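Just below is one structure, and these are the notes that go with it.
Because the structure is predicted, anything quoted here is derived from the model rather than measured. Order of the sequence lines fixes the chain letters, A, B, ..., with proteins taken first and strands second; residue numbering starts at 1 for each chain.
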Number of protein chains: 2
Amino acid sequence: MSGTNKRRITSKELAKLAGVSSATISRAFSPDSRIGRATRERILAVAREYGYQPNAIARSLNNQRSRLVALVVNAIGNPCEAEEQQLLVHRLQARQLLPIILCCADHSDRLQLMRLASTYQVDHVVIFSDMVSMQDAVDIFHTTKPIIVSFEPLENENVSSIRIDGSKAADEIIDKIVRDGKKRFAYLSGTNSSWIDKLRRGWFAEALAKRGLTFEAQAVGDYSYDSGFKEAVLLMHRDKVGAIICGNDVMAIGARDAARRVLGKSTPDDIAIVGQDGIAMAAWDCNDLTTLSLDHVAFIDAVVELIERHDAGIDGPHSITLTCTPRWGSTA
Amino acid sequence: MSGTNKRRITSKELAKLAGVSSATISRAFSPDSRIGRATRERILAVAREYGYQPNAIARSLNNQRSRLVALVVNAIGNPCEAEEQQLLVHRLQARQLLPIILCCADHSDRLQLMRLASTYQVDHVVIFSDMVSMQDAVDIFHTTKPIIVSFEPLENENVSSIRIDGSKAADEIIDKIVRDGKKRFAYLSGTNSSWIDKLRRGWFAEALAKRGLTFEAQAVGDYSYDSGFKEAVLLMHRDKVGAIICGNDVMAIGARDAARRVLGKSTPDDIAIVGQDGIAMAAWDCNDLTTLSLDHVAFIDAVVELIERHDAGIDGPHSITLTCTPRWGSTA
DNA sequence: CTCCTCTGTGTAATCGTGTGCACAATTCAC
DNA sequence: GTGAATTGTGCACACGATTACACAGAGGAG
C-alpha cells in the first residue's frame, strides 16, 4: 500500500491475484456493467490492497476519449485571465476532466505547442488567447470537433464561441465622464494586433461618436502595469487628455499610479481612468477602479455549457452572448 | 489539410497511402532510427498532406512515458504562486512536457484529484501546495519515482525537495525595524495549519528572540487581500502593534491599505509592514512593499534541475536549498 | 569471387484496457 | 417440468504506436 513499488500493477496481474479474468477487473471499475455484486467487492478489495488503479492512458486509447482539455492562454499570472482560469479548472475537475495549460509568449511556439497538445487527443479545446487565429485553431484541432473560442466575432461552423457585448456599459461610463466635463479622450490598447482590442475600443468609440466626440489620442501597451504607467505619463503630459480608457484593469492601475505620483493629478477630478475586465483587484481599496466588468462566473458557466453540448454530441456551431456592466469606483 | 476530417488518420492507413509498412511510418518520425533519407522525406510529405501526426496516447502506452507533468497548486490566480507557475510552464513546454494543473480548495477533493492524475501515468509531479502531506504524495504517486515537493523540511527517500532559507533576510529586516524604534510585533499567518507558515514565522521569531523580543500578537488570515485588511485593523486597533509581519505580499498590501484608510497611519513611521514572496506587484509604485523575497527564477531553475536529474535516472533523494533576500520598500 | 558488414524495410509482439460475442448458470413464467 | 429470459464470466480482438528480430540487397575487403 505505502512503499515504493516501482512498477504499477496491471489488470492482468490483478486478475490472476483475484482469480478472475482481466475483463472482469475492467468491469469492476465500470459503474454500470454486468458483474456480480460479490465479485466486484472482492476485486475492489484486492485492488485496494495492491494499489491498483486502471491505467488512464490505455483506457483513453481504447475509448477514443482522453478526458483531457487543452486551455490556450496568454499568461498564467495575468490577473484578468487568472480568475477565469481558476474557475474553469475547478469546474473541469468536478467533471473528472484534466486541464492541460498551453501558455506561450512567442507566436510560432504557440502553434507548435497546440500541435503537440492535439497529438494527445484532447477532448476539448478552450482558447482564451486572442493571439491565435480561428483558422489556425481549426486546422490544428480539426479532429476535436468544434472548438470553443472566446470573443472572436467571426463565424465558423467548426467553432463554438462566446461573444461579449460591452457597448451598453461603455455608453453608461462615457456618459458619466462627459457629464463630468471631460472633453479629450485617449484609448490605451493592450496590443495593437488583436480583434479583442478592436472590439473593446469599438464600444467606447461608438459611445463617443454618439456624443460627437472621438479619441484624440491613442497608445499601445502590453496589458502590464508598467506599460500602463509609462504610456499614461505620455498621454497626460504630451496629449493633455482628460480621460484614459484602458484595455484592461492592470494597465488602468498603472495609469492611475502614474497620474498620482508623476503628475500629481487625482481621479476623477483631474483625470478619469477606466479599466476593463472587472478583476478582483480592481475592487481593492487601494485601487477602487471604475471598470467595464464582465461577470466571470457567467462567463465560465457559458464555457462549461458549450463543453457539455459538445459532450452530448449536439453538433453544429453554438454561440452564447454575454453583456458587461459598469463597476463604479473612484477613478471616473 | 484544412477542413473537417472527423477522424484522425492512423499510421497504418498512412502506411498504405505511402506504400510502406506502419513500422516505417513510425521510424520516419523518430529522429534517430534506421531509415532511408528518401523514404523519410516521402513519408513526411504524405503525412503533411493528410494531416497525420503520431498519436501521443498510443505512444505513451508503448513507451511507458507520457511526457505529462502534474502540478499541484493551491490556486491559479494567487500572484505569489502564479509567477512561478508561469515560469515553470514555459520551461516544461520547452522540453516538450505538458503540464496538468491540479488545483483544489477542499482537501479530500485534492487527494481524489491527485489519484486521478496518477492514473494518467504522469512522468513527474511538482507539488507547490503546502496543503498536501508528503506521505499522501508518496502513497498516491508511488510509481512516479521520487516526487518533487517544495519547502517541506521532512526527509523522505522517495522525495526530492527544495528548501527555502529566509533566516538571514528576516534578521536584516527585523534589525532595521527595531532600530526604527518599533517594539510590539505581530505575525499575520496565511493559514494556521501548514508547515510553511511555521517555517516562515520561525525565521522572524528567531530574529526577534536574538534581540530579546517576541511576537506580542498573532492573527490568521487566508493569504487574501481582504483577510490582510481585516486582521490588520484588529491587530493595530486592539493590540496596538507597531509592526506586522505578513505571511505573504498580498495580505501585506491589504494590511497597508487598512493602516492608511481605516486608521490613518502611514508607513514606515507609524507602523511597519512586511510581506513575503517578492511578487512583481510588491514593486508596483502604489505598493512599494518591504518584503522578504525569493528569486523566482532561481527557484524554478532548481525545480527544473530536479526534473532533469529525474529524467536522467539519477535516483535517491535530492535536495536544493535557496536563500531569500530582503526587498526594501517604503513600508518598513 | 566470396564472405562479411551495413543499411533499409517488413513481420509480429507488446503496452493495458474496454467490450462484443459466446456460453454456462440461474431465475422466471406458465 | 420445460422453455425463455436474465445474469455473470471468459475469450479474443481492437485501440495506435514502438521495437526486437529477421532478412534482402548493397557495398567493401581480401
Quiz item: Can you tell which of D:dG16, C:dT17, D:dT18 lies closest to the side chain of A:Thr10?
Solution: C:dT17

Quiz item: B:Arg34 side chain N/O closer than 4.0 Å to the phosphate oxygens (OP1, OP2) of C:dT7?
Solution: no

Practice problem: Determine the contact category for A:Leu61: base if any of its heavy atoms lies under 4.0 Å from a base atom, sugar-phosphate if only primed atoms, P, OP1 or OP2 are that close, otherwise nothing. | Solution: base

Quiz item: Can a side chain N or O of A:Ser11 be found less than 4.0 Å away from OP1 or OP2 on C:dT17?
Solution: yes

Quiz item: Whole-Å distance between C:dT17 C1' and A:Ile9 CD1?
Solution: 15 Å

Practice problem: Decide yes or no on ring pair (Phe, Tyr, Trp, His ring centres under 6.0 Å) for B:Tyr120 and A:Tyr120, but give the supporting numbers first. | Solution: CA-CA 12 Å; B:Tyr120 277 79; A:Tyr120 277 79; over 10 Å; no

Exercise. In whole angstrom, give the distance that lies between atom NZ of A:Lys12 and atom P of D:dC11.
Key: 11 Å

Quiz item: Is there a donor-acceptor contact under 3.5 Å from the side chain of A:Gln86 to the main chain of B:Ile76?
Solution: yes

Quiz item: Which whole-number value in Å describes the distance from B:Ile25 CD1 to D:dT18 P?
Solution: 11 Å

Self-check item: Pairwise 5' ranking along DNA chain D for B:Ala58 and A:Thr39, keeping only the more 5' one
Solution: A:Thr39

Exercise. Output yes when at least one side-chain N/O atom of A:Ser21 is less than 4.0 Å from OP1 or OP2 of D:dG10, else no.
Key: yes

Quiz item: Has B:Ser60 got a side-chain N or O lying under 4.0 Å from the OP1 or OP2 atom of C:dC15?
Solution: no

Exercise. Choose from C:dT11, D:dA17, C:dT19 the nucleotide whose nearest atom is closest to any side-chain atom of A:Ala23.
Key: C:dT19

Quiz item: In whole angstroms, how far is the P atom of C:dT17 from the CD atom of A:Glu13?
Solution: 9 Å

Self-check item: Interatomic distance, A:Arg59 CZ vs D:dG16 P [rounded to whole Å]
Solution: 18 Å

Quiz item: If you look at every strand shown and take non-hydrogen atoms under 4.0 Å, does A:Gln53 touch a base, only sugar-phosphate, or nothing?
Solution: sugar-phosphate

Quiz item: Can you tell me if the side-chain N/O atoms of A:Gln64 get under 4.0 Å from OP1 or OP2 in D:dG16?
Solution: yes

Exercise. Taking A:Asn74 for its side chain and A:Ser129 for its backbone only, find out whether a donor-acceptor pair lies under 3.5 Å.
Key: no

Exercise. Take the protein atom CZ of B:Phe29 and the nucleotide atom P of D:dT19, then report the distance between them rounded to whole Å.
Key: 15 Å

Practice problem: Would you kindly give the CZ-to-P distance between A:Arg37 and D:dT6, to the nearest whole Å? | Solution: 22 Å

Practice problem: Return yes if some donor-acceptor pair links the side-chain N/O of A:Ser30 with the main-chain N/O of A:Ser33 below 3.5 Å, else return no. | Solution: no

Practice problem: Assess whether salt bridge (charged side-chain N to carboxylate O under 4.0 Å, His left out) is satisfied between B:Arg67 and B:Asp311, documenting all intermediate values. | Solution: CA-CA 11 Å; B:Arg67 304 198 74 83; B:Asp311 260 341; 6.0 Å; no

Exercise. Mind checking B:Ser33 for me? I need base, sugar-phosphate or nothing, with any heavy atom below 4.0 Å counting as a touch.
Key: nothing

Quiz item: Can a donor-acceptor pair be found between the side chains of A:Ser161 and A:Arg163 at a distance below 3.5 Å?
Solution: yes

Quiz item: Taking the nucleotide of DNA chain C with the closest heavy atom to each, which residue, B:Gly36 or B:Gln121, is nearer the 5' end?
Solution: B:Gly36

Practice problem: Quickly work out the B:Ile43 CD1 to D:dT18 P distance and round it to whole Å. | Solution: 12 Å

Self-check item: Minimum-distance nucleotide to B:Arg27 side chain [options: C:dT9, D:dC15, C:dG16]
Solution: C:dT9

Quiz prompt | Out of D:dA17, D:dC11, C:dG18, whichever nucleotide has its closest atom nearest the side chain of B:Tyr52 | solution = D:dA17

Practice problem: Consider the side chain of B:Asn63, meaning its heavy atoms from C-beta on, and name the nucleotide among D:dT9, D:dT18, C:dG16 that approaches it most closely. | Solution: D:dT18

Exercise. Could you check which of C:dT9, C:dT17, D:dA17 has an atom nearest any side-chain atom of B:Asn62?
Key: D:dA17

Quiz item: Where the side chain of A:Thr24 is defined as all heavy atoms beyond and including C-beta, which of D:dG10, D:dA20, C:dT17 is the nearest nucleotide?
Solution: D:dG10

